[in-house]
Amino acid sequence: MKRRKFIQNASLSGLGVVAGAAALACNDAKKPSEAITSATVATNNVPTKPLVIATWNVPNATAKAWEVLQEGKSALDAIEQGCMIEEANAEGQSVGIGGLPDRDGRVTLDACIMNKGGDYGAVVCMQNIVHPISVARKVMQDTPHVLLAGTGAEQFAVSIGFKRENLLTEASRKAWEEWKKTSEYKPIINIENHDTIGMLAIDKNGDISGGCTTSGLAYKMAGRVGDSAIIGSGLFIDNEVGGATATGLGEEVLKTVGSFLIVELMRQGKSPQQACEEAIGRIIKKSPDFKDFQVGYIAVNKKGETGAYCIHEGFTMMRYQDNVNENVAVDFYNKS
Ligand code: SD4
């Protein structure tokens, strides 16, 4: 199912809508072992663990992560394998293979991962490798560094066995050819443009990890890097407190270090929901043109309470908790 269609469905039924049916429809490729039920509200009252949440309507990704958690594996494993589902999905045009290219026709990927120890690994502006989330994990675990960029990241990936592949699908190439007719270099942000997957998980031991992976803004300038792979902006985990991740116009998230801000607000006692709202408030205050772009945050605290907030209607969050894999509409700031 196309996300536009889903969002229409969600907005028809209002906040707290759960995509039981929608998730089932999206889930043809790989159905989660547990039944998807329609139910519940946007914020969960009785938190349980393990759990996984993710940006946008990605039921196959959260189902995979949940399966890994049920096997008793770590949140880190769940994050990597969950994110890989969307990276390998050639139809998703904002992540991994099939991602829309920069203005010169190159698909460049950003991804990062954090574990319960606060370790971080990332790649930015990497080409030709389908699974940047896995390369990011290897950077974290197997190198003395935390962030590799461009050809260096690609060379590292190839040196440890990742295969080079062409990531520009026919559909994305055609979309780029079409875009070239006007060549609007300034990225135009709208809701349809955002499919970055940010994912947070708590495993059976209560430990938290997170990941974020994207092809970034469509038709961006060559070399442009967004928030997704930058620690504290697109993702932050503190295993004592919780985690947060972002989607939307990365420049705005970077300027406010949004995910770190949310975790610090939770440390000070705010709920995940309150913290996400305050981080969006920070952007609204600084950027008078907020009507022109979308930013969305999701967060989880150590207790397993979740929250999410965004600027414009249309952002949704996946949550797999208590055997229910659901897509919830996220509350938003711009109600005018
Ligand atoms: C970026 N935050 O590169 C990403 C874009 C995004 O769905 O979220 N796309 O700025």
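First listed ligand is number 1; within each ligand, the first listed atom is number 1.
Not a single heavy atom of Lys220 lies less than 4.0 angstrom from ligand 1.
Considering backbone and side-chain N/O atoms, Leu249 never comes within less than 3.5 Å of an N/O atom of ligand 1. By the 3.5 Å distance cut-off applied to N or O atoms, Thr196 is counted among the residues near ligand 1. Below 3.5 Å of separation, one finds no N or O of Trp56 facing any N or O of ligand 1. Ligand 1 has an N or O atom lying under 3.5 Å from an N or O atom of Thr247, backbone or side chain.
One N or O on the side chain of Asn115 and one on the backbone of Gly118 form a donor-acceptor pair closer than 3.5 Å.
Atoms of ligand 1 lying under 4.0 Å from any heavy atom of Ser228, numbered from 1 in the order shown and given with element: 2 (N), 4 (C). In the vicinity of Asp227, heavy-atom distances shorter than 4.0 Å reach the ligand 1 atoms 1 (C), 2 (N), 4 (C), 10 (O).
When only modelled atom types and interatomic distance are considered, Glu305 and Ser271 share no side-chain donor-acceptor pair under 3.5 Å.
Neither the backbone nor the side chain of Gln294 comes within contact range of ligand 1; no heavy atom lies under 4.0 Å.
Proximity annotation for atom 4 (C) of ligand 1: of Gly226, Gly216, Gly248, Gly248 comes nearest, heavy atoms only.
The stretch residues 111-132 participates, sequence neighbours left out, in these salt bridge (Lys or Arg N to Asp or Glu O under 4.0 Å) pairs: Lys116-Asp207.
Aromatic ring pairs are classed by plane angle as parallel below 30°, tilted from 30° to 60° and perpendicular above 60°; the pair Phe260 and Phe236 is perpendicular.
Residues Val95 and Asn89 fail the side-chain proximity criterion, which asks for heavy atoms closer than 4.5 Å.
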Practice problem: Could you walk me through whether Lys163 and Glu165 pass salt bridge (charged side-chain N to carboxylate O under 4.0 Å, His left out), step by step? | Solution: CA-CA 6 Å; Lys163 299 262 170 304; Glu165 283 179 55; over 6 Å; no
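Other residues, nucleotides and ligands contribute more than 12 heavy atoms inside 6.0 Å of the NZ atom of Lys180.
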